[in-house]
Amino acid sequence: MKHFKTLSDLHRANGWPPPEHPLLSLANCNRDCPLGDREFTSDAYLIGFKKLKAGVIRYGRTQYDHSNGSMMFVKPRQIIEMRDLELEEKGFMIFIHEDFLNGHELHHTIQKYGFFDYEVNEALHLSPKEEELIWSLHEKISSEYTNNPDEYSREIMLSHLASILMYAQRFYKRQFINRTELSGKMISKFNRVLTQYLEAGTLQEKGLPSVNALADTLNVSPRYLSDLLKQETGKTAMDLIHLFLISEAKNRLLAEDQNIASVAYQLGFENVSYFTRLFKKQVGLKPFEFKKMNLN
């Protein structure tokens with residue numbers, strides 16, 4: 001697999017003109033937006049806008065959801081492939097080498113944006129007004145990029161990039177709400193999957209469910225799942241897993257024939273001490289204290 005350490009190498013491999021800046025480059029797309037028909041990685045962040053008619057985008061080896069207008073966000077050293085792309089209208093790609101952010105506040109804040117980890121089927125879909133806003137910021141960056149640089153150029157371009165990311169965060173929250181209205185709350189689907197794990201005996205067989213495993217079942221990325229659940233409930237995916245398990249544990253502990261060790265095993269805990277600590281943290285009582293108090 002090809003890895004590009006510099007933007008110049010990336011441009012050269014794709015037959016593009018050399019970048020105007022060694023650490024920042026803009027690539028505009030008309031009917032196609034070639035990046036070779038192969039997987040590659042780079043030392044750059046990628047922000048892309050594409051309205052695809054056909055073709056395949058894979059990010060992290062998973063096909064990207066690119067129906068209608070969408071934005072995508074890729075962090076350094078993540079696998080990406082774009083093949084046979086055909087666009088309905090123009091698009092763009094912005095490559096920001098990670099060294100371009102050194103010494104700037106964006107170096108830290110960009111790592112806090114969870115959408116760089118949305119690896120499975122969760123591109124950002126924009127409304128027409130949102131598209132206009134993103135294009136206006138792109139044009140401002142392009143204006144600085146193609147002009148003769150001075151001591152203000154980097155700061156101005158980074159400020160516009162920061163704005164794109166901030167708006168993307170806002171638009172993703174809107175998308176969370178819209179998709180909830182269309183397809184139902186994720187927490188309902190999440191609890192349904194947990195219930196299926198429980199009823200199928202998967203907890204006893206494979207142990208406690210991981211966020212990754214649940215996200216895979218729900219066809220979303222782990223980070224997207226946690227962010228969406230946080231938006232809906234105020235709690236992370238792991239918090240909700242724990243709440244579900246302890247709720248079920250409370251029910252089973254009150255059955256006279258169930259001891260603490262058997263309940264812990266049925267719910268996928270490898271040892272009773274971890275189950276006891278989690279139960280005490282969630283309920284305020286140890287399991288035997290809870291059982292004794294309620295059975296009396």
### Query
In terms of ring plane angle, is the pair F95 and W16 parallel, tilted or perpendicular, where the classes change at 30° and 60°?
tilted

### Task
For residues M72 and F115, determine if any side-chain heavy atom of one lies less than 4.5 Å from a side-chain heavy atom of the other.
no

### Query
So, H104 versus E155: side-chain donor-acceptor pair below 3.5 Å or not?
yes

### Task
Determine, using the 4.5 Å side-chain heavy-atom cutoff (strictly less than), whether I187 and L245 are members of one ILVMFWY cluster.
yes

### Message
Under a 3.5 Å distance rule, please check whether R252 uses its side chain to pair with a backbone N or O of A264 as donor and acceptor.
### Response
no

### Pairwise side-chain contact, Y224 with Y172, heavy-atom cut-off 4.5 Å (strictly under)
yes

### Message
For a 4.5 angstrom cut-off between non-hydrogen side-chain atoms, does V220 reach M186?
### Response
yes

### Task
Taking the side chain as every heavy atom from C-beta outward, state whether I246 and K250 have any pair of such atoms under 4.5 Å apart.
yes

### Message
Any side-chain to backbone donor/acceptor pair from H107 onto N102? Under 3.5 Å, distance only.
### Response
no

### Message
If hydrophobic clusters are built from ILVMFWY residues whose side chains come within less than 4.5 Å, do L208 and V193 share one?
### Response
yes

### Task
Decide yes or no on ring-ring contact (aromatic ring centres under 6.0 Å, His included) for F279 and F290, but give the supporting numbers first.
CA-CA 9 Å; F279 193 96; F290 173 84; 5.5 Å; yes

### Query
Taking the side chain as C-beta and beyond, is there a heavy-atom pair between L161 and Y45 under 4.5 Å?
no

### Query
Any side-chain heavy-atom pair from L7 and P22 closer than 4.5 angstrom?
no

#### Entry: Whether N251 side chain and S247 backbone form a donor-acceptor pair below 3.5 Å
no

### Task
Kindly check if the number of other-residue, nucleotide or ligand heavy atoms within 6.0 Å of CD (E289) is above 12?
yes

### Query
R154 versus F100: any side-chain heavy-atom pair under 4.5 Å?
yes

### Message
Check whether T233 reaches the backbone of L229 with its side chain - one donor and one acceptor, N or O, closer than 3.5 Å.
### Response
yes

### Task
Answer yes or no: are there more than 12 heavy-atom neighbours, outside E270 itself, under 6.0 Å from its atom CD?
no

### Task
Determine, stepwise, if the pair H3 / R77 fulfils side-chain contact (heavy atoms from CB on, under 4.5 Å).
CA-CA 8 Å; H3 176 77; R77 290 167 293 282; 3.9 Å; yes

#### Entry: Any donor-acceptor pair under 3.5 Å from H97 side chain to K5 backbone
yes

### Task
Report whether I156 and L133 are members of the same hydrophobic cluster (ILVMFWY, side-chain heavy atoms less than 4.5 Å apart, transitive linking).
no

### Query
Side-chain contact, heavy-atom cut-off 4.5 Å: I241 with L214?
yes

### Message
Determine whether a donor-acceptor pair (N or O, by modelled atom type, separation under 3.5 Å) exists between the side chain of S153 and the backbone of D150.
### Response
yes

### Query
Looking only at atom types and distance, does a side-chain atom of Q175 sit under 3.5 Å from a main-chain N or O of L124, one as donor and one as acceptor?
no

### Message
Between F244 and Y265, is there shared hydrophobic-cluster membership here, with clusters defined by ILVMFWY side-chain heavy atoms closer than 4.5 Å?
### Response
no

### Task
Would you check if the side chain of K291 reaches a backbone N or O of L253 as a donor-acceptor pair within less than 3.5 Å?
yes

### Query
Applying the 4.5 Å side-chain criterion to the ILVMFWY set and letting contacts propagate, would L126 and Y113 be lumped into a single cluster?
yes

### Test: R12 and D9 ion pair at under 4.0 Å
yes

### Modelled atom types, side-chain donor and acceptor of S273 and N271, under 3.5 Å
yes

